2 protein chains.
Amino acid sequence: MKYITIKDIAKKLNTSVSTVSRAFNDKSDINVKTKELVLKTAKEMGYRQNRMAKNLVQKRSFNIGIVVPEFVNSFFPEVIMGAQEILFEKGYQVLITQSNECYTTELKNVQSLENSMVDGLLISLSSETDNIDYYQDLVKSGFPIIFFNRTYKEINASKVLFNDYKWAMFATEHLIRQGYKNIYHFQGIKTLTLSRERRRGFMDAHRKHKLIVEPHQVITSGFFMEDGENIAKKLIENNTIPDAIFAANDQLAIGAMNIFKKNGYKVPKDVAFIGFSESKMGSIVEPPLSSVKQPTFEIGKKAAQLLLDHIESGKNYIPQTIVLDGQLNIRASSQKI
Amino acid sequence: MKYITIKDIAKKLNTSVSTVSRAFNDKSDINVKTKELVLKTAKEMGYRQNRMAKNLVQKRSFNIGIVVPEFVNSFFPEVIMGAQEILFEKGYQVLITQSNECYTTELKNVQSLENSMVDGLLISLSSETDNIDYYQDLVKSGFPIIFFNRTYKEINASKVLFNDYKWAMFATEHLIRQGYKNIYHFQGIKTLTLSRERRRGFMDAHRKHKLIVEPHQVITSGFFMEDGENIAKKLIENNTIPDAIFAANDQLAIGAMNIFKKNGYKVPKDVAFIGFSESKMGSIVEPPLSSVKQPTFEIGKKAAQLLLDHIESGKNYIPQTIVLDGQLNIRASSQKI
DNA sequence: CTAAATTTCGAGAACGTTCTCGAAAAAAAT
DNA sequence: ATTTTTTTCGAGAACGTTCTCGAAATTTAG
């Protein structure tokens with residue numbers, strides 16, 4: 001493949017590369033007519049700018065790296081779409097990688113992206129990540145990096161978060177107000193800040209209403225549908241059937257709901273359900289699943305915006321934390337009849 | 001941000017940049033001891049290779065571009081994951097873009113990726129794309145590009161396809177064998193090759209069983225759940241209720257199913273359903289949706305492999321078409337009781 | 001009509017690598 | 001000890017851009 005370069009154009013027009021370069025970069029010190037001529041012949045010759053070279057001299061790639069734990073739920077794709085929307089219009093390309101919830105792959109991704117000279121990073125940590133030294137160094141070095149959803153308090157960088165505590169509390173209170181007494185919480189992966197926050201919301205809602213939560217009411221697992229199924233099976237086996245379940249995500253709730261239904265339990269009469277991070281599936285399932293809706297697009301957009309801010313302001317950027325709010329969508333799965 | 005370069009290392013070690021470069025590139029003409037020394041001090045100094053520069057001289061980026069129409073269904077994410085698996089282990093980075101089913105964005109994506117000097121392209125065309133001149137030129141120029149799922153016969157490049165005809169036929173026959181007579185087909189976007197193939201399967205299944213299909217039994221729409229809902233509403237309005245519906249994807253089927261259920265129709269007793277491109281939702285819905293399962297990961301893997309072949313063999317690459325097979329998963333939504 | 005100001009341009013360095021070529025150093029062969 | 005071979009290295013071009021600096025051309029002012 002023979003690329004046409006700026007030199008070829010210069011030669012053809014009997015001018016210098018500087019002039020041609022000027023034409024493309026909207027520089028003021030060039031005659032409008034020559035500029036147009038350059039642009040025209042460039043088009044005719046099928047010229048395409050070589051980003052590598054440009055980036056090399058400008059020391060920026062106009063690439064943004066995104067690292068997410070997974071792709072299978074619609075949550076992260078939606079966040080990514082939000083970010084892309086902002087970044088794309090500013091001329092940035094987005095490199096997306098996934099860590100598969102694995103710390104080593106996550107680190108490999110980050111480093112690989114750094115090698116590609118990304119101008120900044122948007123990252124949501126894997127559930128396995130408990131060592132944040134690398135990120136601390138990165139942040140300290142001034143590299144533009146924004147964390148979203150899954151992060152650590154200790155990291156002194158900009159963050160876009162969801163108010164997990166508040167909405168977990170609302171969700172739980174909703175169940176309590178419906179009159180449910182024996183409410184279980186499926187907290188997913190225990191160690192994540194977001195899980196802890198949701199659990200805290202769950203606990204405080206009980207406290208507020210002077211209800212006591214027994215340890216066995218909070219159950220740890222993974223975040224997938226199968227995890228929900230397994231928990232439900234075990235509960236049925238032990239014949240410890242909750243009134244209601246507040247799950248840390250829709251997948252867990254749906255998995256469990258299916259098992260309960262299969263075993264003859266009625267939803268919400270026997271067991272009520274409320275999920276989190278509203279997914280499309282939630283509205284399809286029978287009965288439709290109540291859930292807390294997170295502003296996925298908004299998260300992506302805000303994170304992207306912060307990143308652009310950081311890139312533009314350089315060293316003297318002051319990190320901020322944005323906490324977004326959601327919405328409690330009550331559906332049939334949690335309404336006492 | 002001050003990057004440490006190969007020059008810095010050379011200076012510190014009192015050697016030449018050539019030697020340092022050799023150390024990193026596993027060249028034979030370097031002493032093992034100096035190599036180790038270079039590698040060690042490079043690590044100490046926190047050296048990170050500049051991809052831009054490397055790519056510039058080597059004229060390849062080790063980046064692969066992927067263009068997909070959308071992100072919201074799990075189909076494309078899964079394909080991407082398959083591709084990533086193959087590409088990642090060969091040291092390639094993946095740049096993902098989405099066209100939002102819009103031709104102009106698609107083209108912009110492709111060009112932007114070309115500017116980033118991607119070594120190759122994996123693409124599934126938007127539903128809007130009817131002008132393939134650009135791709136024809138690209139293919140003719142020898143640029144490595146592999147089409148998957150959505151493509152045009154006319155393009156002379158490697159393709160990874162699904163045997164839509166065959167499995168549409170199987171799906172339809174399954175319904176016919178169950179005794180359904182008045183079967184409708186929701187074909188989605190009419191113009192896509194894959195839609196045409198699926199419709200052809202639908203028609204031929206009827207022909208084979210000596211059944212006649214009236215034009216009104218084949219309905220065109222978009223590919224989203226809302227489209228399915230709208231069709232169902234219209235059918236109910238006109239009181240033309242099919243025995244069974246074969247939808248070109250799960251979303252259409254689920255959308256329609258929900259509306260029928262809401263209007264008091266029983267599934268599968270009053271209306272039976274079968275979808276296509278099995279989605280997670282299909283197994284959650286009540287009753288579980290029969291569907292044709294596509295080997296999503298496999299599609300991504302195969303496409304990536306073809307692309308690597310193409311990149312490696314260069315000009316004398318001979319395009320191939322791989323047609324993959326799927327699986328018919330029969331569930332309650334299509335079983336006559 | 002000349003001087004000053006402004007516009008427009010070209011030469012050439014720089015970005016951080018890889019790669020070719022030939023030279024120096026070391027090892028092996030005579 | 002000398003020649004030949006092999007190993008190891010350094011100099012410098014190249015990749016395709018942008019950018020700085022100063023010079024040429026043009027316009028404006030006096």
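Just so we're on the same page: letters track the sequence lines, and every chain starts at 1. Heavy atoms only: backbone and side chains are in, while hydrogens, waters and symmetry mates are out. Keep in mind the model is a prediction, meaning the values are calculated, not measured.
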Please state whether the phosphate of D:dC19, meaning OP1 or OP2, lies under 4.0 angstrom from any side-chain nitrogen or oxygen of A:Lys27.
-> yes
Rounded to the nearest angstrom, tell me the gap between atom [atom1] in [X] and atom [atom2] in [N].
{"X": "A:Arg60", "N": "D:dT17", "atom1": "CZ", "atom2": "C1'", "result": "16 Å"}
{"X": "B:Phe62", "N": "C:dT18", "atom1": "CZ", "atom2": "C1'", "result": "13 Å"}
{"X": "A:Asp26", "N": "D:dC19", "atom1": "CG", "atom2": "P", "result": "13 Å"}
{"X": "B:Lys54", "N": "D:dT17", "atom1": "NZ", "atom2": "C1'", "result": "20 Å"}
{"X": "B:Phe24", "N": "C:dG16", "atom1": "CZ", "atom2": "P", "result": "14 Å"}
{"X": "B:Gln49", "N": "C:dG16", "atom1": "CD", "atom2": "C1'", "result": "10 Å"}
{"X": "A:Ile30", "N": "D:dC19", "atom1": "CD1", "atom2": "P", "result": "14 Å"}
{"X": "A:Lys11", "N": "D:dG16", "atom1": "NZ", "atom2": "C1'", "result": "13 Å"}

In B/S/- notation (B base, S sugar-phosphate only, - none; protein heavy atoms under 4.0 Å), nucleotides 10-15 of chain C written 5' to 3' is BBB--B
Results of side-chain contact (heavy atoms from CB on, under 4.5 Å) for [X] - residues two or more places apart only:
{"X": "B:Asn73", "result": "B:Glu70, B:Gln251"}
{"X": "B:Lys7", "result": "B:Thr5, B:Val17"}
{"X": "A:Pro69", "result": "A:Phe76, A:Ser99, A:Glu101, A:Ser124, A:Arg150"}

Numerically ordered, the residues 34-44 of chain B set in heavy-atom contact under 4.0 Å with DNA chain C is none
For [X] and [Y], test the side chains for any donor-to-acceptor distance below 3.5 angstrom and give the result as yes or no.
{"X": "B:Tyr135", "Y": "B:Glu106", "value": "yes"}
{"X": "B:Ser18", "Y": "B:Ser21", "value": "no"}
{"X": "B:Gln320", "Y": "B:Ser158", "value": "no"}

Here the ring-ring contact (aromatic ring centres under 6.0 Å, His included) pairs for residues 112-131 of chain A, sequence neighbours left out, are none
Quick note, ring-ring contact (aromatic ring centres under 6.0 Å, His included) partners involving residues 21-70 of chain A, not counting sequence neighbours, are A:Phe24-A:Tyr47, A:Phe62-A:Tyr92
Excluding sequence neighbours, so at least two apart, what forms salt bridge (Lys or Arg N to Asp or Glu O under 4.0 Å) with [X]?
{"X": "A:Glu85", "value": "A:Lys301"}
{"X": "A:Asp130", "value": "none"}
{"X": "A:Lys35", "value": "A:Asp26"}

Report which part of the nucleic acid [X] touches: base, sugar-phosphate, or nothing (heavy-atom distance under 4.0 Å, all strands).
{"X": "B:Arg48", "result": "sugar-phosphate"}
{"X": "B:Asn25", "result": "sugar-phosphate"}
{"X": "B:Lys33", "result": "nothing"}
{"X": "B:Tyr47", "result": "sugar-phosphate"}

Sorted by chain and number, sequence neighbours left out, ring-ring contact (aromatic ring centres under 6.0 Å, His included) with B:Tyr317 holds for B:His310
Bend of the helix from C:dC1-D:dG30 to C:dT30-D:dA1 from end-axis comparison, five pairs per end, nearest 10°, comes to 40°
